[in-house]
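Ligands are counted one by one from 1 in listed order, and the atoms in each one are counted from 1 as well.
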Amino acid sequence: MASQASQASIAPQAESEQPLLSVQDLKICIQMDNGEMKAVDGVDFEIKKGKTLGLVGESGCGKSLTSRAIISINPKECETTGQIVYHSTSEKTLNNLNLLSLDPRGKQIRSIRGRKIAMIFQEPMTAFSPMYTIGNQIMESILIHRTKNKKEAKKIALEMLSKVGISDQEKRFDQYPHEFSGGMRQRAMISMALSCNPELLIADEPTTALDVTIQAQVLELMKGLQKEFGMAILLVTHDLGIIAEMCDEVAVMYLGKIVEQSTVDEIFYNPKHPYTKGLLKSMPKLGTDRNKRLDSIEGTVPMAINLPPMCGFYDRCTDRIEGVCNVQAVPKTQLSDNHMVRCFLYKDKNEGE
Ligand SMILES: Nc1ncnc2c1ncn2[C@@H]1O[C@H](COP(=O)(O)OP(=O)(O)OP(=O)(O)O)[C@@H](O)[C@H]1O
Ligand code: SF4
Ligand SMILES: [Mg+2]
């Protein structure tokens, strides 16, 4: 990856304006037998210090590829270009650094991955090896990134297990992943991710595999730890309920592009893009008849291979304008400082016009 990434250091910005992470024109292409798949196609977003950005969209729209690109863990067939600029708050040498310019197996990205930017996944077994105890694996990460002292590392690991609500930590420390329940493994993975006080936590569908009660507990836990440690979160999910619960800002993704982006209030109370509106309509609401079928957006997402320049949502959109939406690429429209939409319905509504 990082095949055409540009220079490591970017022109400086005033400290106060700097987001923690700025993703600019991120593109991820994969060569397939029937052509080039533009799985991520010009994505831009910023993650502010201590805040939560939600990345939402249907399956296959490019959420995981985008989030994994940040720490360079996509497989090598994923050709990645653009810039992912990191502004570390705690380390000057990691300020203004284009992460895509780093060798994905090199020392510098390894010193960021896990220590400064941690990631948790839907399936905790991807994070833990079945061969070692949970305690050993959490300790290992602390020994790599935080301290060389084993006693101190064990103390931190036990504290973290306790913080995520795992009782009887001494006993649990020596157990193997298969001896933990699903919810407990998820908690243990969070404790491992947070044991190095990361500045950014990337959480890719962190609760999808859990039942609803445990899901709520894990989300609460993440919010609590965010408050305590001041970290930023990139929360990847297809669940708008979780977005409403957790996020400050939201980026709605469709077919490799961000089609709408704004604050959580704007997205929920003043959505503009027909796709966002469709997603909101398909959300279960409190008090609705449980037997009533939910509205879902009709049609399926096309494959991002050899697509003509047109709106990718055209075939599913009830507001489509023939001769406009199907003949050209859709530009971004900035409706206000913090509301962007990519749809021809708003083409002439740029801020200030
Ligand atoms: N290594 C790969 N080789 C080929 N295609 C891939 C690869 N990784 C991802 N893709 C494809 O790229 C597209 C985006 O994948 P991605 O995993 O980012 O989707 P997602 O939005 O995270 O979906 P989900 O909600 O199902 O997790 C999908 O069509 C997927 O099949
Ligand atoms: S650009 Fe056209 S087809 Fe696409 S979402 Fe907007 S109205 Fe619908
Ligand atoms: Mg995914």
Side-chain angles (χ1 to χ4, degrees), residues 1 23 26-43 54-80 104 119-123 126 202-209 234-240 242-243 251-260 271-281 297-333 335 340-349:
M1 84 175 272
V23 173
L26 179 70
K27 291 185 177 152
I28 302 179
C29 295
I30 304 171
Q31 296 303 328
M32 309 292 275
D33 290 343
N34 49 343
E36 184 185 65
M37 174 161 66
K38 291 184 174 165
V40 175
D41 192 13
V43 158
L55 196 55
V56 69
E58 281 165 300
S59 186
C61 67
K63 306 183 295 295
S64 293
L65 284 175
T66 299
S67 54
R68 290 198 300 246
I70 296 171
I71 49 170
S72 300
I73 57 165
N74 280 323
K76 66 174 182 320
E77 63 268 23
C78 300
E79 257 183 65
T80 306
M119 185 154 184
I120 55 176
F121 306 87
Q122 176 175 344
E123 180 37 70
T126 29
I202 302 172
D204 188 354
E205 305 277 3
T207 58
T208 309
L234 173 63
L235 182 63
V236 175
T237 179
H238 60 268
D239 185 334
L240 276 167
I242 293 179
I243 294 278
V252 180
M253 224 174 151
Y254 187 81
L255 203 58
K257 290 185 161 73
I258 292 180
V259 294
E260 185 161 11
K272 297 294 184 197
H273 199 283
Y275 178 63
T276 312
K277 292 179 185 176
L279 282 181
L280 286 164
K281 258 178 112 179
I297 306 171
E298 271 188 36
T300 46
V301 189
M303 282 294 279
I305 299 178
N306 304 328
L307 287 175
M310 63 181 277
C311 174
F313 193 57
Y314 183 80
D315 289 337
R316 306 172 77 187
C317 182
T318 49
D319 297 322
R320 61 179 172 248
I321 313 162
E322 213 191 320
V324 176
C325 308
N326 58 339
V327 296
Q328 57 199 311
V330 194
K332 284 180 179 179
T333 300
L335 295 170
M340 182 285 288
V341 66
R342 202 186 265 274
C343 171
F344 280 115
L345 295 175
Y346 308 94
K347 191 171 78 65
D348 301 321
K349 298 199 167 48

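Which parts of ligand 2 touch F344 is read off a 4.0 Å heavy-atom cut-off, strictly below it: atoms 1 (S), 6 (Fe). Ligand-side atoms of ligand 2 in range of R320: 3 (S), range being under 4.0 angstrom from any heavy atom. Ligand-side atoms of ligand 2 in range of L345: 7 (S), range being under 4.0 angstrom from any heavy atom. In summary, the atoms of ligand 1 found under 4.0 Å from a heavy atom of S64, numbered by their order in the structure, are 17 (O), 18 (O), 20 (P), 22 (O), 27 (O).
Atom 7 (C) of ligand 1 has its closest protein heavy atom at I30 CD1, 3.7 Å. Of the protein's non-hydrogen atoms, the one nearest atom 1 (N) of ligand 1 is E77 OE2, 3.0 Å. The single protein non-hydrogen atom nearest to atom 5 (S) of ligand 2 is H273 CE1, 3.5 Å, given as residue, atom name and distance. Of the protein's non-hydrogen atoms, the one nearest atom 25 (O) of ligand 1 is K63 NZ, 2.8 Å.
K347 has its side chain out of reach of L345: every pair of non-hydrogen atoms, C-beta onward, lies at least 4.5 Å apart. Taking 4.5 Å as the limit, every side-chain heavy atom of F121 sits out of range of all side-chain heavy atoms of P206.
Ranked by closest heavy atom to atom 12 (O) of ligand 1, the top entry among V56, L65, T237, V301 is L65. For atom 4 (Fe) of ligand 2, the choice among C311, C325, G278, C343 with the nearest heavy atom turns out to be C311. Comparing heavy-atom distances from atom 13 (C) of ligand 1 across G57, P75, G60 singles out G60 as nearest.
For the pair R68 (side chain) and N74 (backbone), a donor-acceptor distance under 3.5 Å is absent. A donor-acceptor pair under 3.5 Å is absent between the side-chain atoms of H273 and the main chain of C343, judged by distance alone.
In plain terms, the two heavy atoms of R316 and T300 that are nearest each other are CD-O, 3.7 Å. The two residues V330 and M310 make their nearest non-hydrogen contact at CG2-C, 4.4 Å.
For H238, the heavy-atom gap to ligand 1 stays at 4.0 angstrom or more.
Not a single protein heavy atom sits closer than 4.0 Å to atom 31 (O) of ligand 1.
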For residues 318-327, which side-chain donor-acceptor pairs fall under 3.5 Å, sequence neighbours excluded?
residue	atom	partner	partner atom	Å
R320	NH1	Y314	O	3.0
R320	NH1	D315	O	3.2
R320	NH1	C317	O	3.2
N326	OD1	G323	N	2.8
N326	ND2	Y314	OH	3.4

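Note that NZ of K76 is 13.0 Å distant from CD1 of I30, once rounded to the nearest 0.5 Å. In this structure, CD on E205 lies 8.0 Å from CG on D239, to the nearest 0.5 angstrom.
A salt bridge is absent between K63 and E58: the closest approach of a Lys/Arg side-chain nitrogen to an acidic carboxylate oxygen does not fall below 4.0 angstrom.
At a 4.0 Å heavy-atom cut-off, ligand 1 touches S59 through backbone and side chain alike. The part of A39 lying near ligand 1 is the side chain, judged by heavy-atom distances below 4.0 Å. At a heavy-atom cutoff of 4.0 Å, ligand 1 is contacted by the side chain of M37 but not by its backbone.
A donor-acceptor contact closer than 3.5 angstrom is absent between the side chains of E260 and Y254.
Atom 8 (Fe) of ligand 2 has an N, O or S atom of C317 inside 2.8 Å of it.
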